[in-house]
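Throughout, protein chains are lettered first and strands after them, A, B, ... in sequence-line order, and every chain is numbered starting at 1.
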Amino acid sequence: MNLFDQGLLESPLGWLVAGLVGLAFGFWLERAGFGSSRKLAAIFYFRDFAVVQVMFTAVATAAIGLVALDVAGLFDAASVYRMETMLGPQIIGGLLFGVGFVTGGWCPGTSLVGAASGKIDAIAFILATLAGSLVYAAYWPQLAPLQNVGACGVVTLPELLHLSPGVVAAIVVAAALVMFTAIQRFAPRRQQ
Amino acid sequence: MNEPLQPESSVAQRYWNPYVAGVGLGLTLLVSFVALGVGLGASGSTARLAASAAHAVAPAAVESNGYLGSWFAQGSPLANYLVFMTLGTLVGGLLSALFARRIQVAVERGPRISAPARIVLALIGGLFVGFASRMAAGCTSGQALTGSALLLAGSWAFLVSLFVGGYLVAPLVRRQWTS
């Protein structure tokens, strides 16, 4: 039972709840320091690890939470909308996205928080993302075939690995903890 | 370990612990799954804003476009939950920054780059990100965060690829941050 499977996502109630979720989203991004392009870009120079720490903590928390609610019978995890896997556009898009992220110093969500914090480079970045999405649309006739490259419908890691979602979520948590430990232990020490 | 980066302004409060912020963000995502039935998103709303702006200039071209056309089938592309989520994100970020006294009108940059040069790099980066987010049908929010938490294979491929792309190009644009 959720607004999406009730067909109420695009209703005044759906928009209200989406706005409230967005409010919390923006709050946590800003608290983490992601209203700062200097801090965001620092992940690519091993200077500050908040991007990886926040992102993988969030992924692990939500993944474990969803499995726990499902196992407890409180919420049907299968009712959540799942995006299809399209390896071609997701890998090429991911590479291009990373290039843009490190060059611009922002990603779409954090640029909103940056703009709200007064960062002029965030406003420039947002305006350019508008243009970038229109460039994609303009070349849609040429780009559309890429959507079929590596397209395999909704594919989850549990299906792929023949493991239960709980086990995969536990692996994600374990991998995140190993990474956090490595960051704490081996990150280079440097004078401020 | 290096001291995590903190705001440059002396009146600004320090950022919160990344693991605390990560749990908060993860619980927000979980609430989104349970209440909305979908995860978080940010790039979809900006693409919709771009589409409606383009529509104001060239309605026929946008409506006949293979990618954007369907967004106009039921009225405005802005009548979408992602647009309201983005408005919330802006307000949430603004309130948080206000309470922490972290609002500062500035071009954020290192000491070795001019403000105009930093803006040019922000514009180039934004072009890439706007384009790539449409290609991958999502960004760090919709694919990397949401899809990874849903254990979707393609979203993990996107997540890994974005860090590969970022680290490959990082040396070329390092000058905008380092002293």
Determine the option with the most heavy-atom pairs under 4.5 angstrom with chain A, choosing from [options].
options	result
B:A136, B:A132, B:A122	B:A122
B:L36, B:V105, B:L95, B:L49	B:L36
B:T86, B:V62, B:V160, B:L98	B:T86
B:A51, B:G130, B:S43	B:G130
B:V91, B:L172, B:L145, B:T146	B:L145

Let me confirm one number: the [atom1]-[atom2] distance from [X] to [Y], rounded to the nearest 0.5 Å.
X	Y	atom1	atom2	answer
A:T85	B:F158	OG1	CZ	13.0 Å
A:F75	B:L30	CZ	CG	8.5 Å
B:E3	A:R47	CD	CZ	8.0 Å

Exercise for the section: Answer yes if the ring centres of A:F97 and B:F128 are under 6.0 angstrom apart, and no otherwise. Expected result: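 No.
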Can you check whether [X] reaches [Y] side chain to side chain, under 4.5 Å on heavy atoms?
X	Y	value
A:L96	B:L162	no
A:R38	B:L5	yes
A:L69	B:V34	yes
A:V155	B:L152	no
A:D121	B:I119	yes
A:P108	B:S133	yes
B:L121	A:F125	no
A:C107	B:C139	no

Contacting moiety of [X], where chain B heavy atoms sit under 4.5 Å:
X	value
A:V67	neither
A:F180	both
A:L9	both
A:I123	neither

Would you please classify the geometry between the [Y] ring and the [X] ring as parallel, tilted or perpendicular, with 30° and 60° separating the classes?
X	Y	result
A:F27	B:W16	perpendicular
B:Y167	A:F46	parallel
B:F163	A:F44	tilted

Problem - side chain to side chain donor-acceptor pair (under 3.5 Å) evaluation trace for B:S161 with A:Q90 - result: CA-CA 8 Å; B:S161 304; A:Q90 282 170 320; over 6 Å; no
Is there a donor-acceptor contact under 3.5 Å linking the side chains of [X] and [Y]?
X	Y	result
A:R31	B:S96	yes
B:Y81	A:E10	no
A:S117	B:Q104	no

Exercise for the section: Could you tell me which non-hydrogen atom of A:A62 sits nearest to which non-hydrogen atom of B:A149, and how far apart they are? Expected result: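 That closest heavy-atom pairing would be CB-CB, 3.8 Å.
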Exercise for the section: For residues A:V17 and B:A35, report the shortest heavy-atom separation together with the two atoms involved. Expected result: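 Smallest interatomic distance, heavy atoms only, reads CG1-CB, 4.0 Å.
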Practice task
Side chain from CB out, backbone as N, CA, C, O: work out which of these in B:N65 comes under 4.5 Å of a heavy atom of chain A, or both, or neither.
Solution key: side chain
Exercise for the section: Name the region of B:L40, side chain, backbone, both or neither, that has any atom closer than 4.5 Å to a heavy atom of chain A. Expected result: side chain
Exercise for the section: Give a yes or no on whether the backbone of A:S37 and the side-chain of B:E108 come within a donor-acceptor separation of less than 3.5 Å. Expected result: yes
